[in-house]
Amino acid sequence: MAKIPRNLKHYLENIVKETLKTAFNIDTEVIFEETPKPEFGDYSSNFLFRLKKELPQPIQTVGDIITLEVLKKLQHIADEVSTQTGFLNIKLSNKTLHNILLEINNNPDEYGKTNVGNGKYINLEFVSANPTGPLNIVSARAASIGDSLKRIMNYAGYKAESEFYSNNAGQQVKHLVDSVKWWIKKLQGINEVFPPDGYRGEYLKDIAKMVIEKGIEEEKLPKFITDTILNEQLETLKAFDVHYDHVTGEDFIRESKFPGLVLRVLKDEKFLFFEDGATFFRSTDFGDTEPRVIIRRDGTGTYFFYDLAYHLYKLHRGYDELIDILGPDHHGYIKRMEAGLSALGYPGKLKIIIAQQVSLLKNGEKIKMSKRRGEYYTLRELLREVKKDAARFFFLMRTRDAHLDFDIDLAKKIGKENPVYYVQYMHARSNSLLKHGREHSIIPKCNNLRLLRLPEERLLMRRLMYFPDTVERAAQRMEPHEIPRYLIKLADIFHNYYQKNRIIDPKKPELSGARLYLVLAVKNVVKKALYLIGVNAPEEM
RNA sequence: GCGCCCGUAGCUCAACAGGAUAGAGCAGUGGAUUUCUAAUCCACUGGUUGGGGGUUCAAGUCCCUCCGGGCGCGCCA
C-alpha cells in the first residue's frame, strides 16, 4: 500500500512544478485547488493559462506532455490526469481516499495540521475595550474572530497568542470615577447634577454599592472601578469560551519605559515637530493624510501616543507580527498606526483587520442601538438569549468585511434552517451511529474500505480530504469563516448519505464496518473543525 | 469634501494569485419515512452580479466613472 504524502495538495504542486522544470525549463509556482465539480476530478490547476505567453509550444501540446509525465509520477495515488480547456485536472484513486480515512482515524488530533505558519510568533489583539461598561455586540464578533483565529493559526503551524488591552487610564477614567461618585452620593441621599461627561448606565450603581460596602478609600477608587469592570468583561468573555494569554493595562504602559522610548526614537529620526505648543508626529512621511499630535499643548500624551508605546512593548516581547482586530469605527486609525510603527523601525510588522458591524434582528426587525444614550445590546444579554455555540458560529458565518445580520430567532431555532444545529447534529448523528453499531457488535473497521464505492461515499471522503486545505486557507487569509462554510458543506453531504443509505446492516457486517469507519472519520474531522471555532461537538442532541 | 467597507436570486449570503455552465441556505411549489434520531432528504422555480465604460484568451473579481447604503475624518479613546 503506497503511503500518501503528508500534505496531498502541496505534494501535487511540487510534482507538477518539478515536471515543468525538467521538461520545459520553466520555473514557476503551481497552485492546485478544489475542482468546481467532481467531474473534473479532485484537484485542478490553471497554470497552463497563466504561462501561456512563456510556453515554447501550443498550450495543448505542452498540456499533453505534462499530463503524461505527471501521470507517470502519480501512478501510486491518482487514477486520471487530464487537461481540459487548459486546466490540469487530477483525479485521485479511491485507494488514496481510503488512506486519508486511515490518516484521520489513526491520529485525529494531527489531521489537518499544517506548517504554513512555520513557527511564526504572532500576537493577536482583540476586543480591547475601555473599562467603562459591558462589552457590546461588535466586541463579541471581534472576540469570535480573534479567538478562532488563534486556534486556527496555532493548528496551521504559527505560534499565536491572544491579548486584551484595557484602556484603564486617562481622562475617561476620571469621568468614570466621577460618575460612580455621583451614584455614591445619590445612594447616600445627596442629589447632585450628573457630571457632564459622565457615563450613564445602571451598572455603575452596582459598583457604587460595592464601593460603599467595602469602604474603598477615595484614592483607590480609579483602580477599584476599572479593575471591577475589566474583570466583568473578562468573565463574560470566558463564558464565551474566549481565554486570553495576556491582559495589559494602559496604566502599566504609561508607567513603563516605552512612552519615553517612542519619543526618543521619533525625535532621533526627526519625525517630530512642534506647533502651538504641541508635539506632532510626521505620519505623512509614511502615507498618512495629516500629521498626528502625540503630546498635547498641556503636556499630556494622546491615546495614539500610548498606543504606539504599547505596540512597541509588544514588539519588544519578540513577536514576529502583531495583528489587531478593530471595530469598523477605527478604520481611520490604521494609517497612522502603521506609520508610527514604520517610524519606530518596524515597517510591515503590524496588520490591522476590521471586524465589520453587526445588526441584531429579532422578530424580523433590527434592534435599535444608540451608543449616545448608553443603549446597546451587550454580550451578556446576547448569551442569555442564545447559546454560546450558536453565537460563536453565527459571528463567523460571514466574511469579516461584510456587515453581519445576526438573527436571534434563527440562532435559537432547532432544525435545519439553523446552520449551527445542522452541523452539530452531524456530530451527534455520527456518535449515535457508532453507538448503534456497538449494540449490534459492529465496530469501525478499515480492512475492507474498498467496499466504499458509492458516489456519496466518494464525495464524503473527498470533502474530508479538503480539510487541511481549508485550515491552511483560513489561517493564511485570516478568515475563520472558512471553517463554518466547510462544515455546512460537509453536513450537506453527510446527511444526504445517511438519508439514502443504510449504514448499519447486521446482515452485511463487512460493509457496515467500513461505513462506520467512514462515519468515525467524519466525526473526528467535525469535532476538530468545531474546536477550531470554539463550538462544542455534542455527543447527543 | 476626503478616506475605508459594502451592493450578487424575493430575503440572508458564497464564489480561494482574474478561470470551467455565478453557487448555498431560507422563503415558495411538489414529493419521500415498515428507519441507524423526520432535529432528515430529494426535485422544481428563482440572476442584465447597482448603471455605464475600459484592460484581458477569460471580469462578480482589476482600472475609470456614476448611483445607492454603512462607518470614519479631535490636542476624544
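Quick note on labels: first sequence line is chain A, next is B, and so on, each numbered from 1. None of these values were measured; they are calculated from a predicted model.
Annotation: cation-pi geometry satisfied between A/Arg429 and A/Tyr498 (NZ/CZ under 6.0 angstrom from ring centroid, within 45° of ring axis). Taking the centre and axis of the six-membered ring of A/Tyr306, the NZ or CZ atom of A/Arg254 falls inside the cone set by 45° and 6.0 Å.
An OP1 or OP2 oxygen of B/A20 is reached within less than 4.0 angstrom by no side-chain nitrogen or oxygen of A/Thr35. Note on A/Arg296: every side-chain N or O is 4.0 Å or more away from OP1 and OP2 of B/G74. Neither OP1 nor OP2 of B/C16 sits under 4.0 Å from any side-chain N or O of A/Tyr466. The shortest distance between the side-chain N/O atoms of A/Asn496 and the OP1/OP2 oxygens of B/C42 is below 4.0 Å. The phosphate of B/C71 (OP1 or OP2) has no side-chain N or O of A/Tyr333 nearer than 4.0 angstrom.
Separating the CZ atom of A/Arg398 from the P atom of B/G25 is a distance of 13 Å, rounded to the nearest angstrom. The nearest whole Å value for the distance from the CZ atom in A/Phe305 to the C1' atom in B/G74 is 18 Å. The distance from atom CD1 of A/Ile503 to atom C1' of B/C36 is 8 Å, rounded to the nearest whole Å. The distance between atom CE of A/Met337 and atom C1' of B/G72, rounded to the nearest whole Å, is 17 Å. A straight line from CZ of A/Arg336 to P of B/C2 spans 20 Å, rounded to a whole angstrom.
Comparing the C1' positions of B/U61 and B/G25 gives an interatomic distance of 23 Å, to the nearest angstrom. Remark: the separation of the C1' atoms in B/G18 and B/C44 is 33 Å, to the nearest Å.
Side-chain N/O atoms of A/Asn46 and base N/O atoms of B/A58 include no donor-acceptor pair closer than 3.5 Å.
For A/His403, counting side-chain heavy atoms from C-beta on, the closest listed nucleotide (B/A77, B/G69, B/G3) is B/G69.
A donor-acceptor contact closer than 3.5 angstrom is absent between the side chains of A/Asp42 and A/Tyr466.
Among the protein residues, A/Pro328 comes within range of the sugar-phosphate backbone only, with heavy atoms under 4.0 Å from sugar or phosphate atoms but none that close to a base.
Of the options A/Asn14, A/Leu20, A/Asn46, a side-chain contact (heavy atoms from CB on, under 4.5 Å) to A/Val30 is made by A/Leu20 and by none of the others.
Stacking between A/Phe49 and B/A58 is absent: the aromatic ring centre is not both under 5.5 angstrom from the base six-membered ring centre and within 30 degrees in plane angle.
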